[in-house]
**Q** 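I'd like to ask you about the structure that follows.
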Number of protein chains: 2
Amino acid sequence: MTTEKRYTPIISKLRDANLRPTRQRIALAELMFRGEDRHISAEMLHKEATTARVSVSLATVYNTLHQFTQAGLLREIAVEAGRSYFDTNTSNHHHFYFENDGHLEDVHADEVVVSSLPTPPGGAKISRVDVVIRVRQD
Amino acid sequence: MTTEKRYTPIISKLRDANLRPTRQRIALAELMFRGEDRHISAEMLHKEATTARVSVSLATVYNTLHQFTQAGLLREIAVEAGRSYFDTNTSNHHHFYFENDGHLEDVHADEVVVSSLPTPPGGAKISRVDVVIRVRQD
DNA sequence: TCAATACTTTAGAGCCGTTCTAAAGAGAGA
DNA sequence: TCTCTCTTTAGAACGGCTCTAAAGTATTGA
Ligand SMILES: [Mn+2]
Ligand SMILES: [Mn+2]
Ligand SMILES: [Zn+2]
Ligand SMILES: [Zn+2]
């Protein structure tokens, strides 16, 4: 019996992003990308890893989140100063922001019609349009 | 000669907001609201005050910015985690965010047509819709 | 006019999310 | 297996912001 290697979709994703498929990256990716799309903070993910008996340092969680973002596997969202959320849904979409408890919910791109945009000054190029619908419960 | 009081527009604004017109609040308001609309951070304003020989503590700058925001004289904007901007333009409008240097520029409300919005879940009420057009120079 | 009162300011400590450092560890090509 | 490069890590450091509690100031109303 020779050494076996499993090429899961996650490992392929990492390879494609030129990121070595380390134990930590694989575990974090599995935690984040299983199930539904999420909006997760670094501290939340670190706690989830700990709970799942995955030993990862907080620095590695931050490194991984940023590397994944750079690779297009995540999207970083800032709605409140002081904490970043990372969105596992990288498709074109928008958000409800619940001011009461600070959580985010997706709004499909076709539910918000931005039918006209200005031309950026100085020849700048639009990299993304974020629509945040701030809502209050009660 | 009796004690004289000048009721400038700024002092009236403060009185209307139930804020005592202290030396610090008046000076900060004068710095912020003279001239064009701006997107200013607490540290920027504190430095401006210092430069203008206005002695104010950083805590007071933060207190004042938050009180003004609460009173509707300012609007707080978060585009990057870690630093808040306060907008002296409280009318309905949107923003270009220059990813290179992190500065904001106004986009008039009528230059962005958001022609359709989803209904918030759970009977939540929309308090504001923020459109941030992220742009890159080159 | 002048206490009495309530509000405001302040220095400095503390907080918290995030980034840095530099040394140890692990993956991958040869 | 060897070597190189990339990765992880603990812990210190950082930066924006908030808190504390004590001193200062505006306002009220007698
Ligand atoms: Mn970041
Ligand atoms: Mn704030
Ligand atoms: Zn989302
Ligand atoms: Zn603005």
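Chain letters run A, B, ... following the sequence lines, proteins first and then strands; every chain starts at 1. None of these values were measured; they are calculated from a predicted model. Just so you know, these numbers use all the heavy atoms, side chains as well, and skip hydrogens, waters and symmetry mates.
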**Q** If you count heavy atoms of other groups shown closer than 6.0 angstrom to CZ of A:R128, is the number above 12?
**A**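 Yes, because the 6.0 Å sphere around CZ of A:R128 holds more than 12 heavy atoms from other groups.
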**Q** B:T64 near the nucleic acid: base, sugar-phosphate alone, or nothing, with a heavy-atom cut-off under 4.0 Å?
**A**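 Contact class for B:T64: none.
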**Q** Would you give the length of the straight line joining atom CD of A:E36 to atom OG1 of A:T88, rounded to the nearest 0.5 angstrom?
**A**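 Output value for this atom pair is 9.5 Å.
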**Q** Rounded off to whole Å, could you give me the CG-to-P distance for the A:N63 and C:dT21 pair?
**A**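 My rounded result for the distance is 13 Å.
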**Q** Given atom NZ of A:K47 and atom P of C:dC16, what is their separation to the nearest angstrom?
**A**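 Rounding to the nearest Å, NZ of A:K47 and P of C:dC16 are 12 Å apart.
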**Q** Without swapping roles, check the side chain of B:S127 against the backbone of A:R134 for a donor-acceptor pair under 3.5 Å.
**A**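 Yes; judged by distance alone, with no hydrogens or angles, the pair exists.
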**Q** Counting only side-chain heavy atoms from C-beta out, which of C:dT10, D:dT7, D:dT9 sits nearest to B:R23?
**A**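 So the nucleotide nearest the side chain must be C:dT10.
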**Q** Would you mind reading off the distance between B:Y85 atom OH and D:dC17 atom C1', rounded to a whole angstrom?
**A**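 From B:Y85 OH to D:dC17 C1': 15 Å.
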**Q** Is a donor from one side chain sitting under 3.5 angstrom from an acceptor on the other, for A:H95 and A:D106?
**A**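 Indeed, the side chains of A:H95 and A:D106 share at least one donor-acceptor pair under 3.5 Å.
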**Q** Write down the distance between CD1 (A:I11) and C1' (C:dG27), rounded to a whole number of angstrom.
**A**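 Going from A:I11 (CD1) to C:dG27 (C1'), I get 12 Å.
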**Q** Distances for protein N/O vs nucleotides 12-16 of chain D N/O pairs under 3.5 angstrom?
**A**
from, atom 1, to, atom 2, distance (Å)
D:dG16, OP1, B:R83, NH1, 3.4
D:dG16, OP1, B:R83, NH2, 2.7
D:dG16, O3', B:G82, O, 3.1

**Q** NE2 of A:H46 versus C1' of D:dT8: gap in Å, rounded?
**A**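 Atom-to-atom, A:H46 to D:dT8, this comes out as 12 Å.
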**Q** Taking atom P of C:dG17 as reference, at what distance in whole Å does atom CD of A:E76 sit?
**A**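 After rounding, the reported distance stands at 15 Å.
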**Q** Please tell me if B:Q24 has a side-chain N or O lying less than 4.0 Å from either OP1 or OP2 of C:dT10.
**A**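 So the side chain of B:Q24 is within the cut-off, an N or O lying under 4.0 Å from OP1 or OP2 of C:dT10.
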**Q** Any idea which of D:dT7, D:dT8, D:dC19 is nearest the A:R20 side chain?
**A**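 The closest nucleotide is D:dT7.
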**Q** Which of these nucleotides, D:dT25, D:dT8, C:dG27, is closest to any side-chain atom of A:P21?
**A**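 Shortest atom-to-atom distance from the side chain points to C:dG27.
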**Q** Given D:dT18, is OP1 or OP2 found less than 4.0 Å from the side-chain N or O atoms of B:H66?
**A**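 The answer is yes; a side-chain N or O of B:H66 sits under 4.0 Å from OP1 or OP2.
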**Q** More 5' along DNA chain C: A:L58 or B:A59, using each one's nearest nucleotide?
**A**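 Its nearest nucleotide lies further toward 5', so the answer is B:A59.
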**Q** To 10°, what angle do the rotation axes through the five end pairs on each side of the helix from C:dT1-D:dA30 to C:dA30-D:dT1 form?
**A**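 Comparing the axis at each end, I get an angle of 30°.
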**Q** Rounded to the nearest 0.5 Å, what separates atom NE2 in A:H46 from atom CG in A:L28?
**A**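 The distance works out to 9.0 Å.
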**Q** If I take atom CD1 in residue A:I40 and atom P in nucleotide C:dG17, what distance separates them, rounded to the nearest angstrom?
**A**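 Rounding to the nearest Å, CD1 of A:I40 and P of C:dG17 are 15 Å apart.
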**Q** When rounded to the nearest 0.5 angstrom, what is the spacing between CD in B:Q67 and CG in B:L74?
**A**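 It comes to 11.0 Å.
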**Q** Can you give each donor-acceptor pair under 3.5 Å made by side-chain atoms of residues 107-120 of chain A, sequence neighbours left out, with the distance rounded to 0.1 Å?
**A**
from, atom 1, to, atom 2, distance (Å)
A:E111, OE1, A:H108, N, 3.2
A:S115, OG, B:V113, O, 3.3

**Q** Any idea which of D:dT9, C:dT10, D:dT27 is nearest the A:V56 side chain?
**A**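 For A:V56, the side-chain atoms sit closest to D:dT9.
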**Q** Could you grab the distance from atom OH of A:Y85 to atom CZ of A:R38, nearest 0.5 Å is fine?
**A**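 If I round to the nearest 0.5 Å, the distance is 11.5 Å.
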**Q** With the side chain of A:T22 defined as its heavy atoms from C-beta on, choose the nearest nucleotide among D:dT7, C:dT8, D:dT9.
**A**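 Taking heavy atoms from C-beta onward, the closest nucleotide is D:dT7.
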**Q** D:dC6 phosphate, OP1 or OP2: any side-chain N/O from A:R25 under 4.0 angstrom?
**A**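 So the side chain of A:R25 is outside the cut-off, no N or O lying under 4.0 Å from OP1 or OP2 of D:dC6.
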**Q** Using atom CG of B:N18 as one end and atom C1' of C:dC7 as the other, report the distance to the nearest whole Å.
**A**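 Distance, rounded to whole Å: 11 Å.
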**Q** Quick check for you: to the nearest 0.5 Å, what is the distance between B:T8 atom OG1 and B:L14 atom CG?
**A**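 Those atoms lie 8.0 Å apart.
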**Q** Are there more than 12 heavy atoms of other residues, nucleotides or ligands under 6.0 Å from atom CD of B:Q70?
**A**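 At most 12 heavy atoms, drawn from other residues, nucleotides or ligands, come within 6.0 Å of this atom.
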